[in-house]
Amino acid sequence: MRPRFGYGMVLFLIVSTYVLAILAERRWAVTVLLTVQTVTVWQSLRVAHARPGLRLAGGIVFVLALTAAVVTAVADTRVLTAAAFCAAAALYLLAPMAIVRDLSRRNRVDAQAMLGALAAYLLIGMAFGFAYECVAQLQPGPLFGDRGDPLLAEALFFSFVTVTTTGYGDLVPAGNPAQTIAVVEALTGQLFLVTAVAKVVENWRPRNWNRGSSIEDDASPREVR
């Protein structure tokens, strides 16, 4: 049995997290953001029927994320903030693994499959966005050179521009490791699209597909005669 609401609820939680991330300008907002993230990933693993090992890894990251969220709410240090964003990135990389595995087991494309693929794609984009914010907190120089360190909203914007390979060019990492992360994200985004589209094409069947095939098979002997 699939959990109620399925990937529709996951997608709603992802959008809620994105909105919170854009509005997160205070320390307590980051705490709320990480809390909503844990709920989002928990729902994703639940709907996708994740393997016990992945759930265990998710539980460990949950604890680390919540700990970082609580500490960040009372202390204002770059290291703790970086740890919070690192935990957020790890959380949002765990969920797509379970979702993709769940989608690969489906033998047909329906609304839940489409919502699941979209949710996984958004999770990947947000995970890399939090990773950029983590790097910005740890490295000595500004992430984007003369543009300085990004706000969380700017980091997410750059992440989705990169994962879709749009490449506006208004935000460019000044050096590594951000440049390497951007390359990995672009490759991951393209690989995911190729895999997801291939899965959809493989399982998609137009209406009356089988009926049309059977009619052609029945007609072929008469044509020979």
Side-chain angles (χ1 to χ4, degrees), residues 10 13-45 54 57-98 119-145 147-164 171-186 188-189:
V10 174
L13 291 171
I14 294 173
V15 174
S16 300
T17 307
Y18 184 84
V19 173
L20 286 173
I22 293 176
L23 301 177
E25 297 181 356
R26 299 178 181 270
R27 286 180 293 171
W28 63 265
V30 176
T31 303
V32 175
L33 174 63
L34 286 174
T35 302
V36 176
Q37 278 188 297
T38 58
V39 176
T40 303
V41 177
W42 175 82
Q43 175 71 3
S44 301
L45 298 180
L54 192 59
I60 295 173
V61 179
F62 289 163
V63 174
L64 294 176
L66 290 177
T67 302
V70 172
V71 175
T72 302
V74 298
D76 187 14
T77 65
R78 294 178 68 90
V79 175
L80 289 175
T81 305
F85 283 118
C86 181
L91 279 174
Y92 268 24
L93 283 178
L94 282 175
M97 299 178 187
Y121 195 57
L122 293 178
L123 285 168
I124 292 173
M126 294 192 69
F128 279 96
F130 294 127
Y132 294 126
E133 195 66 31
C134 175
V135 172
Q137 296 293 328
L138 290 178
Q139 72 178 19
L143 186 71
F144 292 134
R147 293 292 298 269
D149 286 329
L151 298 173
L152 183 53
E154 293 175 330
L156 290 173
F157 168 77
F158 173 74
S159 178
F160 280 105
V161 167
T162 302
V163 77
T164 58
L171 296 173
V172 180
N176 279 311
Q179 291 178 343
T180 301
I181 295 175
V183 172
V184 173
E185 181 180 12
T188 302

- Query: Is any side-chain heavy atom of C86 less than 4.5 Å from a side-chain heavy atom of Q137?
  - Reply: no
- Message: Using every non-hydrogen atom in the two residues, find where A119 and I14 come nearest and quote the distance to one decimal.
- Response: O-CD1, 3.5 Å
- For C134 and A82, work out which heavy atoms get closest and say how close. SG-O, 3.3 Å
- Query: Do you know the tightest heavy-atom contact between D149 and E154?
  - Reply: O-OE1, 4.3 Å
- Message: Could you check whether any side-chain heavy atom of E185 comes within less than 4.5 Å of a side-chain heavy atom of S159, counting everything from C-beta outward?
- Response: yes
- Message: Apply side chain to side chain contact (heavy atoms under 4.5 Å, CB included) to residues T40 and Y92 and explain how you reach the verdict.
- Response: CA-CA 9 Å; T40 303; Y92 268 24; 3.8 Å; yes
- Message: With a 3.5 Å distance limit and no angle check, can you tell me whether Q179 reaches the backbone of P173 through a side-chain donor-acceptor pair?
- Response: yes
- Item | Student check: side-chain heavy atoms of P150 and L171 closer than 4.5 Å | no
- Task: Mind checking ring-ring contact (aromatic ring centres under 6.0 Å, His included) for F158 and listing every partner two or more places apart, or none if nothing turns up?
- Result: Y132, F144
- Item | Shortest non-hydrogen contact between A182 and T162, atoms and distance | O-CG2, 3.3 Å
- What is the minimum heavy-atom distance between Q37 and T17, and which atoms define it? CG-CG2, 3.6 Å
- Task: Report the C-alpha distance between F130 and L91 in whole Å, list the side-chain angles of each, state the deciding distance to 0.1 Å, and finish with yes or no for side chain to side chain contact (heavy atoms under 4.5 Å, CB included).
- Result: CA-CA 10 Å; F130 294 127; L91 279 174; over 6 Å; no
- Query: Rounded to the nearest 0.5 Å, how far does CE of M126 lie from CG of L152?
  - Reply: 7.5 Å
- Item | side chain to side chain contact (heavy atoms under 4.5 Å, CB included) against I124, all qualifying residues, sequence neighbours excluded | P96, F128, V163, T188, F192
- Task: Specify the closest pair of heavy atoms between L156 and A21, including all atoms of both residues, with the distance to one decimal.
- Result: CD1-CB, 3.4 Å
- Note on the structure: For F157, the ring-ring contact (aromatic ring centres under 6.0 Å, His included) test, sequence neighbours excluded, returns none
